[in-house]
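A short write-up of the structure that comes next.
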Amino acid sequence: MSPARAILRQTRFLLRRNNLRQASTTSEVATKAKETASQTTSKASEGLSKVTSSAGGIIGSAASRAQNVMSRVGGRTGRLVSFVQTLIPPTVYYARVGLELSKLVFQGQKMSLPSLSHVQSYLQPVINVARDPKSLLSRASSTSNYINPETILSNVRNTNRQQLISLSVIGAEVLGFFTVGTMIGRMKIVGYHGQPSHEH
């Protein structure tokens, strides 16, 4: 019998016994009810903590046994397993960091998740292509009209001043991020030094 079930039976017995007694005033009954309720909740929380601690031990021992078995594997498979095991902690860490960062961005930009109908409207063409792959070829021929060089040139000629300004700002941002990334990658602010000139 599980500890939680035994605690429930004991609390039922205590409640029945207290109900059989006759109290002289209602205040005594109220205090006794509070006491039994507090005892019941404390016993239930003790039982729950015992159950979770025993289950945690079982899960932990099973995980350690599985890790011991996998560590005994040698050769290429053993190296692969150890490589994957070394990748798990940083992956979990960066996943949590990314989740927290995305939460901050969502809250800072006052963004909200898209509605289900919005997501379905974007996924519907993908689902249709998966159901009928031949339709992809017909769409490819219809999109070739958009890639026509004449239409591209006409779009470039018809851009207004606001679009040019926004494109130049985005280009400057991309160039700035690229430059900072290369500085971080090289660990130097100045570029690579060339060959020293030798004087004869």
Side-chain angles (χ1 to χ4, degrees), residues 2-5 7 41-42 44-140 142-144 146-147 163 165-194:
S2 69
R5 185 175 278 173
I7 290 172
T41 55
S42 66
S45 65
E46 288 174 10
L48 184 61
S49 65
K50 287 179 185 177
V51 169
T52 55
S53 65
S54 65
I58 292 169
I59 293 170
S61 64
S64 65
R65 277 188 255 141
Q67 186 175 6
N68 289 338
V69 168
M70 294 307 285
S71 65
R72 292 181 195 152
V73 176
R76 292 181 186 169
T77 308
R79 286 193 301 261
L80 178 68
V81 168
S82 64
F83 176 71
V84 169
Q85 285 178 344
T86 58
L87 290 179
I88 290 173
T91 304
V92 170
Y93 171 76
Y94 285 116
R96 288 180 180 170
V97 167
L99 179 66
E100 290 299 320
L101 183 63
S102 63
K103 284 181 185 177
L104 289 174
V105 168
F106 262 71
Q107 290 172 354
Q109 297 293 324
K110 296 178 181 155
M111 297 169 70
S112 63
L113 293 175
S115 65
L116 185 62
S117 63
H118 202 78
V119 172
Q120 286 176 345
S121 68
Y122 277 101
L123 289 180
Q124 195 61 40
V126 176
I127 293 170
N128 291 341
V129 167
R131 287 182 183 161
D132 185 23
K134 291 180 183 178
S135 65
L136 186 62
L137 295 174
S138 64
R139 285 190 181 177
S142 66
T143 54
S144 65
Y146 296 114
I147 305 175
Q163 289 174 335
I165 291 172
S166 65
L167 282 174
S168 62
V169 167
I170 291 171
E173 287 177 355
V174 168
L175 180 65
F177 284 126
F178 176 77
T179 307
V180 169
T182 55
M183 289 177 191
I184 291 171
R186 288 190 308 242
M187 302 295 256
K188 294 179 183 177
I189 294 177
V190 181
Y192 296 110
H193 299 293

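The figures here come from the full heavy-atom set of this structure, side chains too, leaving out hydrogens, waters and symmetry mates.
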- [ ] Could you grab the distance from atom CD of Gln124 to atom OG of Ser117, nearest 0.5 Å is fine?
- [x] 12.0 Å

Open item on the list: Could you measure the distance from the NE2 atom of His118 to the CG atom of Leu123? Nearest 0.5 Å is fine.
Closed with: 10.5 Å

- [ ] Considering non-hydrogen atoms only, spot the tightest contact between Ser121 and Pro125 and give its length.
- [x] O-CD, 3.4 Å

Open item on the list: Would you say OH of Tyr94 has more than 12 non-hydrogen atoms from neighbouring residues, nucleotides or ligands within 6.0 angstrom?
Closed with: no

TODO: Could you grab the distance from atom CG of Leu175 to atom OG of Ser168, nearest 0.5 Å is fine?
DONE: 12.0 Å

TODO: Could you tell me the separation between the CG atom of Leu99 and the CG atom of Leu104, rounded to the nearest 0.5 Å?
DONE: 10.0 Å

Task: Nearest-0.5 Å distance, NZ of residue Lys188 to OG1 of residue Thr182 - done: 12.5 Å

